[in-house]
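Report on one structure; see the data block that follows.
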Amino acid sequence: MLKISNLTKRFGGLAAVNNVSVEFPANQVNAIIGPNGAGKSTFFNLVAGAMPPSEGKIEYQGMDITGMAPDRIARLGVARTFQTTMLFDQSTVLDNLIVGHRLRTQSRLWDVIINSKRLRDEEKKCRSRAAEVLDFVGLSHIGHRYIADISQEERKRVAFALAMATDPELVLLDEPAGGINPEETENLADLIRKMVKHGITVCLIEHKMDMIMSLADKIMVLDHGEKIAEGTPEQIKNDPVVIEAYLGSEQDVEA
Amino acid sequence: MDRLMNFLVSPVLKWALLVLAVVFPLISDNEYHIYVMATAFIWAIAVYGMNIITGYCGQLNLAHGGFFAIGAYVVAILTVDHEWAFWPAFIAAGLAGAIFGFLVGVVSLRLKEHYFAIFTLCVGFIIYLLLEKWEELTHGSLGIINIAPPEGFGLVDFTETVPFYYLVLAFLVLSVWLVSRLSRSLLGRTFLAIRISDDLAQSLGINLMRNKVLAFVLSTVYAASAGALYAGVVRFIGPAEADVVHTFDMITYLLVGGIGTLMGPLLGTLAITWLTQMLQSLEEYRMIIFGPMLVILVIFFPRGIVGGFLTWRGRRLANKASQQGQDGKSQTTVNTPSTPNADKQEAGNNA
Amino acid sequence: MDLFLQQVLNGLTLGSIYGLIALGLTLVYGILHVPNFAHGALYMVGAYVAYFTMVDLGLNYWLAMIAAGAVVAFLSVLCERLVFHPLRHAPPIHDKIAAIGILLFLEAVVQMYWGADFRRMPTPYNEILHFGGLTIPAQRLLIIAGAFGLMGALHLYLKKTMTGATIIAMAQNREGAFLVGIDANRVAMMTFAIAGMLAAVGATLFAPINLVYPAMGHLLIMKAFVIIILGGMGSIPGAIVGGLIIGFAEALGGFYISNEYKDVIAFALLVVILSVKPTGLFTKGVR
Ligand SMILES: Nc1ncnc2c1ncn2[C@@H]1O[C@H](COP(=O)(O)OP(=O)(O)O)[C@@H](O)[C@H]1O
Ligand SMILES: [Mg+2]
């Protein structure tokens, strides 16, 4: 699904991502873990095209997407959520989601001026897609609520739904469980499993080890921008390098 | 109270306003008031343009007054120095707005947030300097007099206040109509996504440059057309037209009315214009009031008059709906864009 | 040759004033990430306070400078507390609009008291010095010495005192600074005070060879923005070097190319720079 070769990103002197090569197979949960500042978000930014890599190659479904513009990559089926959830507070949940399907539509200014059939059809399509994804994340009942009035966990779900509205095949989730309680985290994990069941490949950055260990099929560990390990949760849990660099300080490894 | 609020945000308001605007010259026997109203409408058109790029798309354009001046100068130069008639010059002004807007937009919109605001501030100033110093073209600081008024083709005389008033009203209605269509459309939603965040918009497959440039060019065409109408009514313009103070005035109108809302630009412009008229003696010092007002607005009421109502009402509708939803065991299907809450939806769109 | 040296001197005078104003602007930007459009208005208020102290109160030049520095520093802190602090979590467009509100207010207040006329501020240093073929008005020397003296003092303050060090730390890394428990409020207030003081002293130095009027800050603030974009938003040496570059460019360009259009030089430079490199000249990283 995603094949990364010798990927490097430098900010001035700092190599935020350093010579990382890895492959993420389709239709499973691929997790990326590592301490703060390890370069995880930067890695996502590179894959999504939000910034160009300094070196290396990114292949998505066999296609070289290195240096491609982020909107084009999104149209190829790569969606993402951000570490800080960005939504439009002064608008309803449903209204926030409608634009998610925009990339699958064609309408231009002229369609707006003459209110063309194409525009009306496409708006209908976007609206029903928004309703679908809202249902998918289990929030149908709050579609008309204002974003400012919903809970943190609901916001995360809306962000998932927005990503889903783009009809993605690969979804990059950056710390989706940040700032929400354990029970909600469990529900979010179920939602991620559901995404995979629907044929979506997930890449996930997360700090919550118990969530990762139960959810991930494959884990890559980053430290100071470098890949220090990859493998199944079992392998990672017992990898001495990982334990020393990262897990060693975490209480919940065994959880 | 509730009725009043509902009325204020319902589509009825727009029709009521339109009817009021149409009968205004009939009930007002003061020609000066009609003139003030007509110029306020012209500014409102420009503010609608600003709302597209700044309100919907989230990019603070501080060169807006400069584009207004470009429109005015195109009409002035073409009608005075090249003896064009007004209407061809008017179209040329709109085109000039589009072309300069495109050129400036392509360079400036690659810049983020602060850089964009600072850059456009400088662009506005360059426009001002050029208008003042390029004497062969612009008559320099003397300005240009005897600009041709819009021709009425023997039917009406637009040098008279009342016909001109209706002419401007027609342009205003056209402007509002286009923005209203835009703001409700997928394109408007695309602009809004950019306002939330460039990164988010891109991750949703939105081509940033294409959409931002489109919004920018639309806004400069609005500004230049408004400037062209302005030249046609005052018939005398100078470089002061490009003074950044006009841009600041328009920001004030926009913020008071409600940034990113449909009726905000009009209501804000009218409110401030008439307020200034009432405090005539204050004209020169109006900023003593408007300056702090801007600050208070962004701190406490960042969404202005219209935005405040919309939020208030949208919340109420949402609460009501969720109560009903609980009563009726969550029958609220989400894809009911239709009848009962039609204006709630508009609240969302306008937001 | 002498003519050339004369222009160099003019460039140095301009550049040192530009540097002072840009320094305040860049400090504030570094700490709060606010492009303070009101900074030029603070400069203008500084000039009027000095004018008032000298002409209306009859006090001497140096007292006027101190008064201007103190009043504007206070005003600047007031802006931080009343306006920018409450807006620190607001969308970026809000603090810019608020800064414009402050600017409009200050200009209107000054205009109400003093009118819109141009005023000339007196200076006790009217001598013209001669070095070889160069004529140097004493006030220009004072400007250069004063500006560089202040920059030196600021450098010592930032390097040698605790508050100074925290200002630098915060400018470099806001999140990190919060983590190690810096009193962000104190630092922000201190930064605004310094910025205001620099603007007011700069105004008092520059006003005698220029004119005092309510819109005097407009052009200057725009040039200061060009300078800090040139030098990297938030960079202190960048502001000084950028100030000198623009100062020299204007003096030489105004003399050798066109005096009419010398004010365009800075902006043309900006347009060229940002067209080529959208994040400014000396910026590291991506944004
Ligand atoms: N746009 C940027 N410009 C400069 N440095 C950056 C940028 N983005 C991230 N960095 C740096 O790269 C390193 C990795 O950051 P990040 O990828 O956000 O880490 P993580 O997500 O693993 O916590 C950090 O040291 C961060 O400061
Ligand atoms: Mg991160």
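Source: prediction; values computed, not measured. Reckoned from all heavy atoms, side chains included, excluding hydrogens, waters and symmetry mates. To find a chain, count down the sequence lines: A is the first, B the second, and so on, and within it residues start at 1.
- Interface residue L162(A): backbone and side-chain heavy atoms are both found under 4.5 Å from chain B.
- Within a 6.0 Å radius of CZ in R108(A), no more than 12 heavy atoms belonging to other residues, nucleotides or ligands are found.
- Heavy-atom neighbours of chain B within the stretch residues 64-74 of chain A, taken at a separation under 4.5 angstrom, comprise P70(A), D71(A), A74(A).
- The environment of K57(A) atom NZ is sparse: at most 12 non-hydrogen atoms of other residues, nucleotides or ligands sit within 6.0 angstrom.
- Surrounding CZ of F116(B) are more than 12 heavy atoms belonging to other residues, nucleotides or ligands, all under 6.0 Å away.
- By number of non-hydrogen pairs under 4.5 angstrom with chain A, the leading residue of G188(B), S185(B), S197(B) is S185(B).
- Annotation: ring-ring contact (aromatic ring centres under 6.0 Å, His included) contacts of F216(B) (sequence neighbours excluded): F67(B).
- Open room surrounds CZ on F102(B); 12 or fewer heavy atoms of other groups in view lie less than 6.0 Å from it.
- Sequence neighbours left out, not one pair with a member in residues 44-54 of chain B passes side-chain hydrogen bond (donor to acceptor under 3.5 Å, both in side chains).
- At a 4.5 Å heavy-atom cutoff, L97(A) makes no contact with chain B through either its backbone or its side chain.
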Under 3.5 Å donor-acceptor pairs involving side-chain atoms of residues 200-209 of chain B, not counting sequence neighbours:
unit_1  : atom_1 : unit_2  : atom_2 : d
S203(B) : OG     : L200(B) : O      : 2.8
N207(B) : OD1    : M209(B) : N      : 3.3
N207(B) : OD1    : R210(B) : N      : 3.1

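- Between V112(A) and R184(B), every side-chain heavy-atom pair lies at or beyond the 4.5 Å cut-off.
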Give the C-alpha distance, both sets of side-chain angles, the deciding distance and a yes or no for side chain to side chain contact (heavy atoms under 4.5 Å, CB included) between D95(A) and L192(B).
CA-CA 11 Å; D95(A) 264 319; L192(B) 268 187; over 6 Å; no
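- Taking D198(B), L214(B), L187(B) one by one and counting their heavy-atom pairs under 4.5 Å with chain A, the maximum is reached by L187(B).
- Minimum interatomic distance between I113(A) and W177(B) (heavy atoms only, all atoms of both residues): O-CH2, 3.5 Å.
- The two atoms that bring F82(A) and D199(B) nearest to each other are CZ-O, 3.6 Å, heavy atoms only.
- Contact of the R102(A) side chain with the R189(B) side chain is not registered, since no non-hydrogen atoms from C-beta on lie closer than 4.5 Å.
- In terms of heavy-atom pairs under 4.5 Å with chain B, the best-connected choice from L76(A), T166(A), D149(A), L119(A) is D149(A).
- Taking CG of N211(B) as the reference point, atom CG of L109(A) lies at 10.5 Å (rounded to 0.5 Å).
- Taking chain B as the reference chain and counting heavy-atom pairs below 4.5 Å, the highest number among L103(A), L172(A), T105(A) is found for L103(A).
- When each of R75(A), M86(A), R120(A) is scored by its heavy-atom pairs under 4.5 Å with chain B, the top score falls to M86(A).
- In K194(A), the NZ atom is crowded: over 12 heavy atoms of neighbouring residues, nucleotides or ligands sit closer than 6.0 Å.
- When heavy atoms are compared at a cutoff of 4.5 Å, T81(A) does not approach chain B at all.
- For a residue to count as touching a neighbouring chain, one of its non-hydrogen atoms must lie under 4.5 Å from one of that chain's; by this rule L186(B) touches chain A with backbone and side chain alike.
- Contact annotation for N115(A): both backbone and side-chain heavy atoms come within less than 4.5 Å of a heavy atom of chain B.
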